[in-house]
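Below is one structure, written out as structure tokens; the observations come after it.
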2 protein chains.
Amino acid sequence: MGVLLNGAVDGRLVPEDRGLAYGDGVFRTLRLRDGRPVCWARQYRKLQGDCEAIGLRCPTPELLKAELGRAGEGLREGVGKVIVTRGAGQRGYAPPTHPEPNRIVSVGPLPAHPPSFREEGIRVHRCRLRLAIQPRLAGIKHLNRLENVLARMEWTDPAIAEGLLLDAEGYLTEGIASNLFLVREGVLHTPDLSRCGVSGVTRERIMAIALFERVPLRMARLQWQDLLHADEAILVNSLIGAWQIRCVQGREWDRGIWTPRIRGWLDASED
Amino acid sequence: MGVLLNGAVDGRLVPEDRGLAYGDGVFRTLRLRDGRPVCWARQYRKLQGDCEAIGLRCPTPELLKAELGRAGEGLREGVGKVIVTRGAGQRGYAPPTHPEPNRIVSVGPLPAHPPSFREEGIRVHRCRLRLAIQPRLAGIKHLNRLENVLARMEWTDPAIAEGLLLDAEGYLTEGIASNLFLVREGVLHTPDLSRCGVSGVTRERIMAIALFERVPLRMARLQWQDLLHADEAILVNSLIGAWQIRCVQGREWDRGIWTPRIRGWLDASED
């Protein structure tokens, strides 16, 4: 368990880092098993794509993987986080001509969620905060996450496991730290994230497996009504796997068959 | 010239700081003269309001003012920056129950802009990036500034002094690091910033003085056409004062009378 800044143990960041000043960087949160990042090829591809989307040079996969291993030494299961920022800069929004990106690799223990979240399902909160529509940043896991913070501040009841976010036009987008799938009459639905939201690796994996398993999948703009009429609603990410939504705003669902099925998909595949 | 982290010289930030992880914080950039922050009462009021808007405890004005003085010791004129973050946090978007905000106070030399920017006026770029509409964060100078960074990356020509930002619906909003005023037939116009953009202290000062001077002022949604038809267009902030826009996308303006007049207003008032 530890934090590495550009490979150095207990490194501290200069306050001029543009990641702090502007949120000028991207990150990934992932699961580690026996010191190895799970689904690393896909996680790295996503990190690299996000770096590219904001014009950032991405560290090599070998380097990051080795650092995740070092930071997670001695931990059988853990959570890894990789942050890449544009590094130190002069005052002003213009990046330096030759930026020196900083990388921060940290590993900690898995979050201690009640086992019932996984086994029984969860209650979720419908957030009042609406996500701004910004196609230029949609899908990217960048460091500008104040919307998520403010949405998460809307409740304190620990029995509520997640918050559901709508966009400015009222379309269902995602969980605060998870992606959403709905099932209706055997068809998987997931929100289109081309205008806002973060497209997570677990969402991408489920979409790929559904295609392989010939389960019909629709990526579309979804409304709150679509959630209410869904046979099953599921939140996913790399840490939680898949949690079924059992209750939101008075609407309740019985335990469904799709959440364990999707969990089975994720457990059976290493990509 | 220096950087103080919670009062400590050359302090370094822990990578778990939520300012870095999520942009969970706010900041101010201001001018220092003989070690004293210019328009401090107003600057502090704005910082405090921004802290409040995201549920952050603001350090006291006495503390920040003293630290700006220490960080700027020996500098007759300088630029000060104050960042307040929600401090270190556990993994996840939920803030700690008892957050310990971090404050970073830094002072450097004034930016070396060509004197012609002030004396003659400037060429500006019309940014392709559109600002997302997010009323919940509008006006606040928070640390989620990736839009500004990406907009600033649209040009490298040093003869272009600033970029003009439109919002997602095409309304003129601000400069990347400045606020905008238009003058037409003796009436000052400035964009309404209730849906996106940053409401700067210099903008607020100019609005207050215009009211006092009985110059008619209109805060409204402005279109690109309003800029093209303006008699004079002016960008303002605490560091540059007021710069006249002389050229954008082929539209050129002669030197106007309002930019020096507004500069006179700013120089004559200490609030």
Side-chain angles (χ1 to χ4, degrees), chain A residues 3-5 10-25 27 29 54-55 79 81 83 85-86 90-95 97 104-106 108 111 128-137 140 142-153 156 163 168 176-177 196 239, chain B residues 3-5 10-25 27 29 54-55 79 81 83 85-86 90-95 97 104-106 108 111 128-137 140 142-153 156 163 168 176-177 196 239:
Chain A
V3 181
L4 300 176
L5 172 64
D10 294 327
R12 294 283 185 276
L13 208 63
V14 294
E16 296 87 351
D17 188 274
R18 294 173 57 96
L20 172 69
Y22 306 128
D24 192 4
F27 72 109
T29 305
I54 65 166
V79 181
K81 185 166 179 176
I83 298 178
T85 79
R86 210 181 302 270
Q90 301 292 311
R91 200 174 301 278
Y93 291 113
T97 321
I104 297 148
V105 171
S106 60
R128 289 180 297 278
L129 179 131
R130 298 293 187 91
L131 292 172
I133 292 168
Q134 176 48 283
R136 180 64 181 81
L137 291 172
I140 304 171
H142 52 68
L143 296 172
N144 280 200
R145 300 259 76 97
L146 204 38
E147 289 184 323
N148 304 62
V149 170
L150 293 175
R152 184 58 189 80
M153 287 168 73
T156 53
I176 292 174
C196 58
L239 301 185
Chain B
V3 181
L4 300 176
L5 171 64
D10 293 329
R12 294 284 184 275
L13 208 64
V14 294
E16 297 87 349
D17 189 273
R18 293 173 58 95
L20 173 68
Y22 307 127
D24 192 4
F27 72 108
T29 305
I54 65 166
V79 182
K81 185 166 178 175
I83 299 178
T85 80
R86 210 181 303 270
Q90 301 292 311
R91 199 175 300 282
Y93 291 112
T97 320
I104 297 147
V105 171
S106 60
R128 289 180 298 277
L129 180 130
R130 298 292 187 92
L131 291 172
I133 291 167
Q134 175 50 280
R136 179 65 180 80
L137 292 172
I140 304 171
H142 52 68
L143 296 172
N144 280 202
R145 302 258 77 98
L146 204 38
E147 289 184 323
N148 305 62
V149 170
L150 293 175
R152 185 57 189 81
M153 287 167 72
T156 52
I176 292 175
C196 58
L239 301 187

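As a basis for the values below, the full set of heavy atoms in this structure was taken, side chains included, without hydrogen atoms, waters or symmetry mates. Everything numeric in this text was worked out from a predicted model, so none of it was measured. So you know, we letter chains A, B, ... as the sequences are listed, proteins then strands, and number each from 1.
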Practice problem: Mind ranking A:M153, A:E16, A:Q134 by heavy-atom pairs under 4.5 Å with chain B and telling me who comes out on top? | Solution: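 Highest number of heavy-atom pairs under 4.5 Å: A:Q134.
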Between chain B and each of A:V79, A:T29, A:L129, A:I83, count heavy-atom pairs under 4.5 Å; write down the option with the most.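 Result: the option with the highest number of such pairs is A:V79.
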On a heavy-atom basis, which atom in [X] and which in [Y] lie closest, and how many Å separate them?
X: B:R91; Y: A:S106; value: NH2-OG, 4.2 Å
X: B:G19; Y: A:L20; value: C-CD1, 3.6 Å
X: A:R86; Y: B:V149; value: NH2-CG1, 4.0 Å
X: A:L150; Y: B:R136; value: CD2-NH2, 3.6 Å
X: A:L143; Y: B:A21; value: CD2-O, 3.5 Å

Heavy-atom contact with chain A under 4.5 Å, split by part of [X]:
X: B:Q90; value: neither
X: B:T85; value: side chain
X: B:R130; value: backbone
X: B:L146; value: both
X: B:I176; value: both
X: B:R152; value: side chain
X: B:I54; value: both

Counting heavy-atom pairs under 4.5 Å to chain A, which of B:R18, B:H142, B:K81 comes out on top?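 Ranked by contacts with chain A, first place is B:K81.
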- Query: Of all of B:I133, B:N148, B:L239, which one pairs up most often with chain A through heavy atoms under 4.5 Å apart?
  - Reply: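 Ranked by contacts with chain A, first place is B:N148.
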Set out, in order, the CA-CA distance, both residues' side-chain angles and the distance that settles side chain to side chain contact (heavy atoms under 4.5 Å, CB included) for A:L13 and B:D17, then state yes or no. CA-CA 10 Å; A:L13 208 63; B:D17 189 273; over 6 Å; no
